[in-house]
Structure formats: structure tokens, C-alpha cells
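Heads up, the thing below is written out as C-alpha cells.
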Amino acid sequence: MMMAFMATGLVAYAGEKSDTTVIENAKKVTIISSDTEQRIKVRGKEGNSTYFYENSIVLKDSAYSKKVKIVDTEVEDWDFDLGFGIPIATNVPSGMSFAPFKSYEWILGLRYKYTPKKALQSYSVGLWCNWRKYTLDTDKMFGKDANNVIGLYDYPANASDKRSGIYVFGLSVPLLFTQKFGRKSDFKFTLGPVVNFNLYGRIKNGYTIGDDEIELNTKGVEYRPVTIDIMGMLQYKGIGLYCKYSPMSVLKKDMGPEFRSISVGIFL
């Protein structure tokens, strides 16, 4: 009986227009067969846990009639974010310069993402941990005076292997909009503000005198407690390049050199 059923199906299929439905990584597939009908149900697929597909083939007068039902609903999902970039200082005061390739930025966190029904756009909000280091590229080191104002100071005489930087850690809240380039496209573009709640800052200086390696950590850096960045990102299959512009200075006004930054890097 089954062989006759399959043979009749092939004859009917030859007389119809060919079509193909590909469902990658289906969550649950149910096949219901009888002497007169076969139904296939698929619930959930990769990237869409609420996806539903149903295909029924009914035997009637030695021919098959085919009914297909596809329902797309809104998608709610979570993304794990990991980014590594290089902060490039801008609007740097005269007499000061930074070493971008000795500086870094790390981003680590989660993001809730919502995609409306049948839409190519999604909206997301999350919570990131953000580490930034701005390293000097001069023969001077960061330091503070009695009023906590940060400035540039000379290293001790005969010092070598000199290094000095400002570290800032905070929690960031991204509010991002994502646009796919097509329903079947693997490219997408993301843009939006990132609100930073800076929680900790310090100066770290290091140098060598003779055989002695010296490291000095200075707390109490007068950074801005809240800053807002503008972030853009181009991704392909989950791997992207990001650019983040910080229009607000890292340090408080009149509490040290007022510089801004542009970060570029890789985002996963």
C-alpha cells in the first residue's frame, strides 16, 4: 500500500510546478500518515522558536491535492555579545599623544532582541561590561596633584620601559536598531546609542630602574560617571565590525586632559 502511495505521489508531483522548502535545524518534526492523507508539521527552526510549517497531501480521485501553511510570528531572543576594539583618542590637548595599539576596549554582556512579525528590523536592549584603557605615547606619565587634577609628570631619572595609562570600567546599556539587507541575506547593519555608567577608574604607571620593575596604581580618577556613545556595526553571519564614537570627554571638565575617542574593532 505504501509503495502504491509513493508511486502515485511521484506521478502527481511530476505534473505540478516544482517547489522546495528548506527548514534548517528544525526543533520538532511530526509526520502523520494514513491511507488517504499525509501531513508534515514543523515547529520551530534556527533563529525562530515560534516558526510553524504545515504541509498536507490528500489522495483524491487518484491525484494529490497539496495544502501548505506557513505562519511567521514575532521573535524574541537573547544574544551573547563579545567585542574587542582599539580606542583612538581624539581632540587630544597639545603636547599629549596616545598609542592606539597599546590601548584596548573589551565588551562582554547579554542583549534582549525583539523582531516584529514578518519584519527585517529588530530592536534590542542589553547590559554590557566595558573595560577601556588609554595608553600614553609620550615620555611623560599620568599623575594627580593635591586637588585630584590629572596631569603629565616626568618619570624618575634613569627610568626605562616606560608605560602609563588610564583605565575605566563601567556598565553599558545598548539601545540598538538592526536592519537585515534581505529575508535570506546574512548581512545586517546595527545602529544606536550606548549609555555608559562608569564605575571605576585608575591610573597605572610602570617603568624599570636598573633591575627593579616598578608599578604604581593611583585610584580616585575623576572620570565622568555617565557618558553616551553612538555605535554602528556591520555583521555577516554573526561576525561583525563595529565603530563607536564617544562625543563626551573621558575625564570630568577641569579635572584633567579632556579627550574623546573613537573605538573600532571586532564584534561577535
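Because only heavy atoms are used, hydrogens play no part in the values below, and waters and symmetry mates are left out as well, while side chains stay in.
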Arg111 and Leu176 have their tightest heavy-atom pair at CD-CD1, 4.0 Å
Discussion item. Under 4.5 Å between side-chain heavy atoms, counting indirect links through other Ile/Leu/Val/Met/Phe/Trp/Tyr residues: same cluster for Val226 and Met255 or not?
Written reply: no
Could you tell me if the side chain of Asp229 sits less than 4.5 Å from the side chain of Pro193, heavy atoms only? no
Could you go through Tyr114 and Tyr123, starting from their C-alpha distance and side-chain angles, then the distance that decides it, and tell me whether this counts as ring-ring contact (aromatic ring centres under 6.0 Å, His included)? CA-CA 5 Å; Tyr114 171 75; Tyr123 308 88; 7.1 Å; no
When rounded to the nearest 0.5 Å, the distance separating OG of Ser172 from CG of Asn198 is 7.5 Å
When every non-hydrogen atom of Tyr134 is compared with those of Ser261, the smallest separation belongs to OH-OG, 3.5 Å
Contact between Phe177 and Gln179 at the side-chain level, heavy atoms closer than 4.5 Å - yes or no? yes
**Message:** Let me check something: do Val264 and Ile266 share a hydrophobic cluster, defined by ILVMFWY side-chain heavy atoms less than 4.5 Å apart, either directly or through other members?
**Reply:** no
Salt bridge or not for Glu105 and Lys244, using N-O below 4.0 Å?
yes
Do Ser249 and Arg224 pass the side chain to side chain contact (heavy atoms under 4.5 Å, CB included) test, and can you show the C-alpha distance, the side-chain angles, and the key distance before you say yes or no?
CA-CA 8 Å; Ser249 63; Arg224 290 182 180 269; 2.9 Å; yes
Decide if the gap between the ring center of Phe267 and the ring center of Trp106 is smaller than 6.0 angstrom.
no
Please tell me whether Ile230 and Ile88 are part of a single hydrophobic cluster in this structure, the criterion being side-chain heavy atoms less than 4.5 Å apart.
no
- Show your working on side chain to side chain contact (heavy atoms under 4.5 Å, CB included) between Asn205 and Glu215 and close with a plain yes or no. CA-CA 6 Å; Asn205 296 323; Glu215 284 194 357; over 6 Å; no
Tell me, do Leu152 and Met96 make a side-chain contact under 4.5 Å, heavy atoms counted?
yes
Is there a side-chain contact between Thr135 and Tyr167 (heavy atoms, below 4.5 Å)? no
Q. Is Phe80 atom CZ crowded by more than 12 heavy atoms from other residues, nucleotides or ligands, each under 6.0 Å away?
A. yes
Indicate every side-chain donor-acceptor pair of residues 233-240 with a distance under 3.5 Å to a residue at least two apart or in another chain.
none

In this structure, CG of Asn196 is separated from OG1 of Thr227 (nearest 0.5 Å) by 3.5 Å
Closest non-hydrogen atoms of Lys252 and Pro225, given as atom of the first, atom of the second and distance, are CE-CD, 4.1 Å
Q. Do the side chain of Asn147 and the main chain of Val149 share a donor and acceptor less than 3.5 angstrom apart?
A. no
Note: Tyr223 and Gly201 closest approach over all heavy atoms is CE2-N, 3.3 Å
In this structure, CD1 of Ile107 is separated from CZ of Phe84 (nearest 0.5 Å) by 11.0 Å
- Message: Please determine whether side chain to side chain contact (heavy atoms under 4.5 Å, CB included) holds for the pair Leu251 and Val221, giving the CA-CA distance in whole Å, both sets of side-chain angles, and the decisive distance to 0.1 Å.
- Response: CA-CA 8 Å; Leu251 302 177; Val221 172; 3.6 Å; yes
Non-hydrogen side-chain atoms of Tyr207 and Glu213 separated by less than 4.5 Å
no
Taking every heavy atom of Pro257 against every heavy atom of Ile150, the minimum-distance pair comes out as CD-O, 3.5 Å
- Query: Would you say the side chains of Ser97 and Thr138 form a donor-acceptor pair under 3.5 Å?
  - Reply: no
Checklist entry - Can you check whether Pro87's main-chain N or O pairs, donor with acceptor, with Lys133's side chain at less than 3.5 Å? => result no
**Asked** Looking only at atom types and distance, does a side-chain atom of Ser164 sit under 3.5 Å from a main-chain N or O of Phe142, one as donor and one as acceptor?
**Response** yes
Query - Joint cluster assignment, Tyr245 & Ile228, ILVMFWY side-chain distance < 4.5 Å - result: no
Here the gap from Asp77 atom CG to Tyr112 atom OH, rounded to the nearest 0.5 Å, amounts to 9.5 Å
Can you confirm whether or not the ring centre of Phe259 sits under 6.0 Å from the ring centre of Phe98? yes
- Group every Ile, Leu, Val, Met, Phe, Trp and Tyr by side-chain heavy-atom contacts under 4.5 Å, then state whether Leu216 and Val168 land in the same group. no
Side chain to side chain, Met231 and Tyr242, heavy atoms closer than 4.5 Å = yes
Query raised in the report: Would you say the side chain of Leu108 lies within less than 4.5 Å of the side chain of Asp81, judging by non-hydrogen atoms?
Result: no
When rounded to the nearest 0.5 Å, the distance separating CG of Asn91 from CD of Glu258 is 10.0 Å
Connected to Leu120, directly or through other members, by ILVMFWY side-chain contacts below 4.5 Å are none
With a 4.0 Å cut-off, would you call Asp154 and Lys140 a salt bridge? yes
query = Heavy atoms, side chains only, cut-off 4.5 Å: are Leu171 and Trp128 in contact?
reply = no
Output for pair (Lys102 NZ, Ile86 CD1), nearest 0.5 Å, gives 13.0 Å
Carefully, step by step, assess Thr208 and Ile214 under the rule side chain to side chain contact (heavy atoms under 4.5 Å, CB included). CA-CA 6 Å; Thr208 301; Ile214 300 171; over 6 Å; no
For Gly206 and Tyr155 the tightest heavy-atom approach is O-CE2, 3.9 Å
task: Step through the shown structure and confirm whether more than 12 heavy atoms of other residues, nucleotides or ligands are within 6.0 Å of CG on Asn158.
output: no
Check your understanding: Is any side-chain N of the basic residue among Arg163 and Asp161 closer than 4.0 Å to the acidic one's carboxylate O?
Key -> yes
